[in-house]
Amino acid sequence: MARYILRRVAAFIPALIISSIFIFFMVRLTGADPITSLQGTQRLSEESRIALTREFHLDKSLAEQYFIWIGGMLRGKFPVSFKYRQPVDRLIASRLPTTLQLVGMSFIFAVFFAITIGLICAANKNKAVDRILSAVLVLFASTPSFLLAIVLMLVFSLKLGWFPSFGAGHNFRENLYYLLLPSLSLGAAMMSLMGRVTRSRMIEELGADYVCAEIAKGTPRHVIMFRHCLKGVLIPVVTIGGLQLGGAIVGAVMVESVFALGGIGDLLIAGIKSADYPIVQSIVILMTMLFLFLNLVVDIAYTALDPRIRAERITSQ
Amino acid sequence: MKKIILSVFVVLLVFTLSAVCNSSASGAEYTFTIGLTGDIAGLEPGLAYDPNTIPVLSQITDNLVKRTPDGGLEPQLAKEIETPDDTTYIYKLRDDVTFSDGAPLTADDVVWSLQRYADPNGGALQQWNYENVLSIEKTGGLEVTVKLKQPSNTWKHVAATNPSYISSKKHFEETGEHIGTGAYVFESRVNGQEIVLKKRGDYWNGDISEAPGKLIYKIVPDSTTLVTALKNGEIDYAPVPPADLLGELIAAPSLKVSNYPDRAITFVAFNTGRGPTSDVNVRRAIYSAIDIDEFVVNVVGNLGSVTTGIPNSPALYGEHPDQWQKFSDSAIKYPYDIGKAKEYLAQSAYPDGFTANVVVNQNPRYNDIGLYLQENLKPLGINIEILKVTGEEHDEYYFGNILDADGKRGYDLLVGSWWPNNDVGGILEPLYQSGNSSNVAAYGNAAADALIREEMTILDETARNAKIFEALNIILPDAPYIYVLYPNAQNVINAKFTTPPIDSTPASDALRYVDVRLAK
């Protein structure tokens, strides 16, 4: 297993190099001028423009700019934000906990509700409760997270006044309260897909021969579902959940913006708007690394859950 | 597995519910919460160049001179200003001013602060204000002398606004951080979320015991969220409320929306550097073909006013409004007259019409203007294509950073606004002088340029007005811009607070939250 993980981590290196080149040049393709962005709708002296261009290395060729950036990143030195004039790692470090907590909470909500709803639907296949819950899952799957975020905010913050309309709170307990609506918004789409997969897999499992044998032995239905079928159901759920978790980090950008959470997503949007290349490049490369890492975690979890895959991987080594 | 998931969920739920109870139990504190649309650039005065950073730094720091709500100037850190000649300003500092660490204000602090702005390599975005400054020197224990290269009627405004916040030299050298002499001092900041300032206990400039104990700036980029937070009472004040949701704010009983005349001008700029709009008769035809007054009355309503055909609104008439009124009455204008518009077009190189684009951004007012142009120019055979871009792209077009294949500004028409400082010539030089990046019309006229350069060095306002009118008499017949409206400024405050009149233009630093009071 250790060799397998090492091999996978080694494969990250070329993926990250290619991603870094792609990210760097894609961001520059927009052609936006960072200095004009700093200037806003006001004036800037030519002397200041020249000084800032030099300070931000914008007077160098794109290739040189790339090597300055990637060289610094490899030495652990993040670039300095054009707008905030401080190293991007400091900006990211202050905002990352909010984003991670949001994604973590939304994932927990998604998994809990997905498995619960999926199992209820499977146990009541084709009955009214199954049809209603399945329709709810489809509704969430087709609702963009930012739209759900606005609806939840208008209902639970503006109309009912139960939750704050923005912000992430000042301590862990406040964070949980403040992040409840955002995490439900973000988790809804994840829940929908996982819930539908749980339902269909559980229906398949319940039709398997070993389940018939258990029924014949008089084993109660809930025991069959939870003790025997659930593990088999979880394998595809983990796969999908892992992939969706990566997607949730990207999806968090919009939800963070609506709820003004001040996380990585907010910073990324602000960076894009102000052509703050160091921020955009650093966050996107960080997201790429996170995505690769999550894929690895999913693969390891997959191995742990399914002995057949574990055996296959050991054999292939 | 199910037990683990269930346990985690239950723990989360319990924490959440306990936080709900905890939160609702928290008592009210006399704080004033301000909604900003983006994070501040930092606490370095040289970065105070955007509508989010300025309202924070202007509470921490002071200027040598300050603006009064009626647009005048009065000494602040300086007790007296002497001008022995047209290029010398001697600031005699007050001897009772202290920084928030208790240290007294010295001439060294003022010289150091101003020189940091003036240094082209210092990174201060406002450095252009110091291009005409020859020297900044300490000429006494509490005296600073600023010498200009040539007389300037704008320097007095520079000393009163964001390009001249004074901070403590000694404190910066010891800690690397800036502190000022303002009524509030920095307490904490959570990047991307909030900035908290607390009231000084030893403020040098009068009794501030009734002022808010804390100013909390919340960063809320989304318009819908900002409006919800204002209506919920989570935010007390928005200096720049979202224009597209203003109606909703006006309708909310818990909020007071102030709507007052501003100094700004909203215009349609013709790109005089290329294509059909380089033809003066085309510009006159377009100007005459649209009923701007009808547009302002029916579409803008009371959120702006009809222009008098000149760029300066009455709020920017300076010390001699009578002179401006007289000029405005006699200035060349292009009132709505479709017959005249057709005549102008017939005299142009495009008598059968043409296709042109107009750049607008997400500001709904700009889009309305684009649509109005599109609809009203059809009878002339002029087909207008609306190019709707983001605010940032709009800035790029505005300042001439997006060019066509021939190196000309990449648009035919552009809807935009200009917010001048409180100076009668604050629109003239930026919008009309050749080569200025803010000259959105790419307009150029050597005679007008010479007059503009001259008026900027005249200190007597009557003599200066004469030069400005002379320049405008050259410019206005060329119709480089359509003056659409003088937009009002708005701010929104929770009805539980009272304030004196607040000047709240986007770049303003005249917002003194120390004057806010909790209504009794």
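Lettering of chains follows the sequences in order, A, B, ..., and the numbering in each one begins at 1.
With a threshold of 4.5 angstrom between heavy atoms, A:Ala168 approaches chain B through its backbone and through its side chain. Neither the backbone nor the side chain of A:Glu256 has a heavy atom closer than 4.5 Å to any heavy atom of chain B. Heavy atoms of B:Ile235 lying under 4.5 Å from chain A belong exclusively to its side chain. Looking at A:Thr116, there are no atoms closer than 4.5 Å to chain B (heavy atoms on both sides), in backbone or side chain. Proximity to chain B (any heavy atom under 4.5 Å) is restricted, for A:Ile150, to the side chain, taken from C-beta onward. Only the backbone of A:Leu261 comes within contact range of chain B, with at least one heavy atom under 4.5 Å from a heavy atom of that chain. At a 4.5 Å heavy-atom cutoff, the contact between B:Glu194 and chain A is made by side-chain atoms alone.
Distance check, rounded to the nearest 0.5 Å: NE2 of A:His170 to OG of B:Ser188 gives 7.0 Å. To the nearest 0.5 Å, atoms CE (A:Met153) and CG (B:Asp222) are separated by 6.0 Å. With values rounded to the nearest 0.5 angstrom, B:Lys231 atom NZ is found 6.5 Å from A:Lys159 atom NZ. The OH atom of B:Tyr117 sits 13.0 Å away from atom OG of A:Ser48, with the distance rounded to the nearest 0.5 Å. B:Leu47 contributes atom CG, which lies 11.0 Å from atom OH of A:Tyr84 (distance to the nearest 0.5 angstrom). Going from atom OG1 of B:Thr390 over to atom NZ of A:Lys273 covers 9.0 Å, rounded to the nearest 0.5 Å.
A donor-acceptor pair under 3.5 Å is formed between the side chain of B:Asn232 and the backbone N or O of A:Ser157. The backbone N or O of A:Gly167 sits nowhere less than 3.5 Å from a side-chain atom of B:Gln193 that would complete a donor-acceptor pair. Although no hydrogens or angles enter the test, the distance criterion places a donor-acceptor pair under 3.5 Å between the side chain of B:Glu396 and the main chain of A:Asp33. Between the A:Ser94 side chain and the B:Asn191 main chain, no donor and acceptor come within less than 3.5 Å of each other.
Interface remark: of the candidates A:Val258, A:Ile35, A:Asp266, A:Val258 forms the most heavy-atom pairs closer than 4.5 Å to chain B.
With a 4.5 Å cut-off on side-chain heavy atoms, A:Arg54 and B:Asn121 count as touching. Side-chain atoms of A:Arg85 and B:Glu44, non-hydrogen and from C-beta on, never get closer than 4.5 Å to each other. With contacts defined as side-chain heavy-atom distances shorter than 4.5 Å, the pair B:Leu125/A:Leu52 qualifies.
Here the shortest heavy-atom pairing between A:Ser165 and B:Thr228 reads CB-CG2, 3.8 Å. In plain terms, the two heavy atoms of A:Phe166 and B:Thr225 that are nearest each other are CB-CG2, 3.7 Å. When all heavy atoms of A:Ala260 and B:Pro221 are compared, the closest pair comes out as CB-CD, 3.8 Å.
The pair A:Arg95-B:Asp39 meets the salt-bridge criterion, since a charged nitrogen lies less than 4.0 angstrom from a carboxylate oxygen.
A donor and an acceptor atom, one from each side chain of B:Asp395 and A:Thr36, are nowhere located under 3.5 Å apart.
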